[in-house]
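Keep in mind that this is a model prediction, so the values were computed, not measured.
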Amino acid sequence: MKKGPVQFHTLLLALILGGVAAFVCAFFVGSSGFSVAEFAKILDGTASNTIYNIFLNIRLPRAIGAFLVGAALAVSGCCLQGVFKNPMADSFVLGISSGAALGATVAMTFMSGMTLLGAGTIAVFSFVGALAAVFVVYNISRIRGKVSTFSLLLSGFSMSAMFSAIIYLIMLLNRDKMENVVMWNMGSLANMTWDKIWIALPAIIICATLLMFYATPLNIMLNGDEVSQSLGVDTHKTRRNMLILTSLLSAVAVSVSGIIGFVGLMVPHLLRMVAGPDNKKLLPLCFVGGGMYLLFCDVIARTVLNGQEMPVGIVTSILGVPFFIFLLRRGRKGAA
C-alpha cells in the first residue's frame with residue numbers, strides 16, 4: 001500500500017528536477033545564451049544593460065510562459081480524456097485549439113488594441129471560440145448518449161478543418177495582417193512578454209487548481225454515469241464545469257502562444273503509463289510534466305536550426321504525430 005505514494009513522489013521529484021534542467025537549458029543554450037560568468041554578474045549586479053534585458057525581458061518570461069502553456073495544455077488534455085472517457089481526447093485533436101485560434105484571429109484582425117470588460121480581446125475571443133468548439137464537437141459526436149473514438153475524432157477534425165478554412169479566408173481578405181496571423185497559428189513563444197505572463201499566470205493556476213479538485217469525481221465517472229450518480233456524483237454538472245475550465249485553460253494558452261498541438265495528448269498518456277490512471281496523482285504530474293516538456297521543445301526550436309528559430313508548434317507536431325498514429329494503431333488492434 002505504501003508503494004503508490006512513494007512512486008508518485010519519486011516521479012514528481014524527477015519531473016521537478018527535469019523542469020529545473022529545462023529552465024537551465026532555456027537560459028544557457030542558444031545563439032544568445034548566457035555563460036556562467038555572465039549569470040554571476042547578473043546576480044551580483046555588475047552585468048551590462050544588454051545582458052539584463054536579454055535575461056529579464058526575453059529569456060525569463062519566455063521560459064515561464066513555456067512552462068505555463070505546457071502545463072495548461074497537459075492538464076486540459078488529461079481532463080478531456082477523463083471527461084470523454086477517451087484516450088484520444090485533446091484540445092488540439094478535438095478542435096478546441098482551432099476554435100480558440102479562430103476567435104483570436106478575429107480579435108487580431110478586426111479588434112486590435114481594444115478591450116472587453118477590462119481584458120484583451122484576444123483572450124476573450126479565444127475563450128468564446130474554445131467553448132463553442134468543445135460543445136459543438138461533443139454534441140455532434142454524441143450518438144445515443146455515447147461518444148465513440150471514431151465519432152469524436154471525426155467531429156474534431158471536421159470542426160478543425162472548418163475553423164482553419166475560416167481563418168484562411170480572414171487572412172486572404174486581410175493580407176496586411178497575414179504574417180502575424182500565420183506565425184501565431186503555427187505556435188510560437190518568441191513574443192512572450194511579462195504582460196502576457198501576468199494575464200496567463202493567474203488564469204492557468206486558478207483553472208488548473210480547480211480542475212484538480214474534480215480529480216475524485218473524475219475517477220468515479222470513469223465507471224460510467226449510472227455508477228457515478230449512484231455514488232452521489234452529478235455527472236452533468238461535473239462534466240459541464242470541467243469542460244468550461246478546460247476550454248478556459250486552452251483559450252488562455254492559445255491566446256499567449258498560438259496553436260501548439262499534441263502536448264495534451266502525449267504528456268497525459270506517457271505519465272498514465274507510469275503513474276497509473278488515478279487523476280489525483282495524474283493531474284499534478286501533468287502540470288509539472290507538461291511544463292517541462294514544452295520547455296525542452298522550445299529549446300529545440302531555438303537551437304535545431306543554426307542561426308534561425310522555428311515555431312515550437314512545429315517541434316511538438318513532429319514529435320506528436322507519430323505518437324498519435326501509434327495510439328490509433330494500438331486502438332484498432334485492441335478493437336480487433
Main-chain N/O of [Y] paired with [X] side-chain donor or acceptor, under 3.5 Å:
| X | Y | result |
| --- | --- | --- |
| Ser250 | Ser247 | no |
| Gln7 | Val274 | yes |
| Gln229 | Gly224 | no |
| Trp198 | Thr193 | no |
| Ser255 | Val252 | yes |
| Arg59 | Ala26 | yes |
| Asn139 | Phe135 | yes |
| Thr316 | Gly313 | yes |

Can you tell me how far the [atom1] atom of [X] sits from the [atom2] atom of [Y], to the nearest 0.5 Å?
| X | Y | atom1 | atom2 | value |
| --- | --- | --- | --- | --- |
| Ile259 | Ser188 | CD1 | OG | 13.0 Å |
| Asp90 | His269 | CG | NE2 | 9.0 Å |
| Ile260 | Ser97 | CD1 | OG | 9.0 Å |
| Lys281 | Leu12 | NZ | CG | 12.0 Å |
| Leu243 | Thr238 | CG | OG1 | 10.5 Å |
| Asn223 | Ser230 | CG | OG | 9.0 Å |

- Could you go step by step and tell me if Ile58 and Arg62 meet the side chain to side chain contact (heavy atoms under 4.5 Å, CB included) rule? CA-CA 6 Å; Ile58 298 178; Arg62 180 165 182 163; 5.6 Å; no
Answer yes if [X] and [Y] sit in the same cluster of Ile, Leu, Val, Met, Phe, Trp and Tyr residues linked by side chain heavy atoms under 4.5 Å apart, and no otherwise.
| X | Y | answer |
| --- | --- | --- |
| Phe23 | Leu13 | no |
| Val75 | Ile16 | yes |
| Leu222 | Val83 | no |
| Phe84 | Val137 | yes |
| Met212 | Ile244 | yes |

Student check: side-chain heavy atoms of [X] and [Y] closer than 4.5 Å:
| X | Y | value |
| --- | --- | --- |
| Pro284 | Phe8 | yes |
| Phe127 | Val254 | no |
| Ile96 | Thr246 | no |
| Ile64 | Met192 | no |
| Asn279 | Tyr214 | no |
| Asp195 | Ile199 | no |
| Val267 | Leu271 | yes |
| Leu102 | Ile170 | yes |

Can you name the nearest heavy-atom pair linking [X] to [Y], along with the distance?
| X | Y | answer |
| --- | --- | --- |
| Ser91 | Leu80 | N-CD1, 3.6 Å |
| Cys297 | Leu319 | SG-CD1, 4.0 Å |
| Leu285 | Ala275 | CD1-CB, 3.5 Å |
| Leu68 | Ile204 | O-CD1, 3.6 Å |
| Ser98 | Ile167 | O-CD1, 4.3 Å |
| Phe296 | Gly18 | CE1-O, 3.6 Å |

- Worked verdict on Arg239 versus Met221 for side chain to side chain contact (heavy atoms under 4.5 Å, CB included): CA-CA 9 Å; Arg239 187 175 289 114; Met221 287 171 59; 3.7 Å; yes
- Message: Are more than 12 heavy atoms, taken from residues, nucleotides or ligands other than Asn219, located less than 6.0 Å from that residue's CG atom?
- Response: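 Yes, because the 6.0 Å sphere around CG of Asn219 holds more than 12 heavy atoms from other groups.
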- Message: Atom OH of residue position Tyr168 - does it have more than 12 heavy atoms of other residues, nucleotides or ligands inside 6.0 Å?
- Response: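 Counting neighbours around OH of Tyr168, 12 or fewer heavy atoms of other residues, nucleotides or ligands fall under 6.0 Å, so no.
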- With side chain to side chain contact (heavy atoms under 4.5 Å, CB included) as the test, would you mind laying out the steps for Leu218 and Met242 before giving the verdict? CA-CA 9 Å; Leu218 189 59; Met242 292 190 71; 3.8 Å; yes
- Query: Does Phe323 have its ring centroid less than 6.0 Å away from the ring centroid of Phe262?
  - Reply: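 Between Phe262 and Phe323, which both carry aromatic rings, the centre distance is not below 6.0 Å.
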- Check the angle between the aromatic planes of Phe67 and Phe287 and answer parallel, tilted or perpendicular using the 30° and 60° thresholds.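 Plane angle over 60°, so perpendicular.
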- Message: Apply side chain to side chain contact (heavy atoms under 4.5 Å, CB included) to residues Leu173 and Leu169 and explain how you reach the verdict.
- Response: CA-CA 6 Å; Leu173 298 176; Leu169 177 61; 4.2 Å; yes
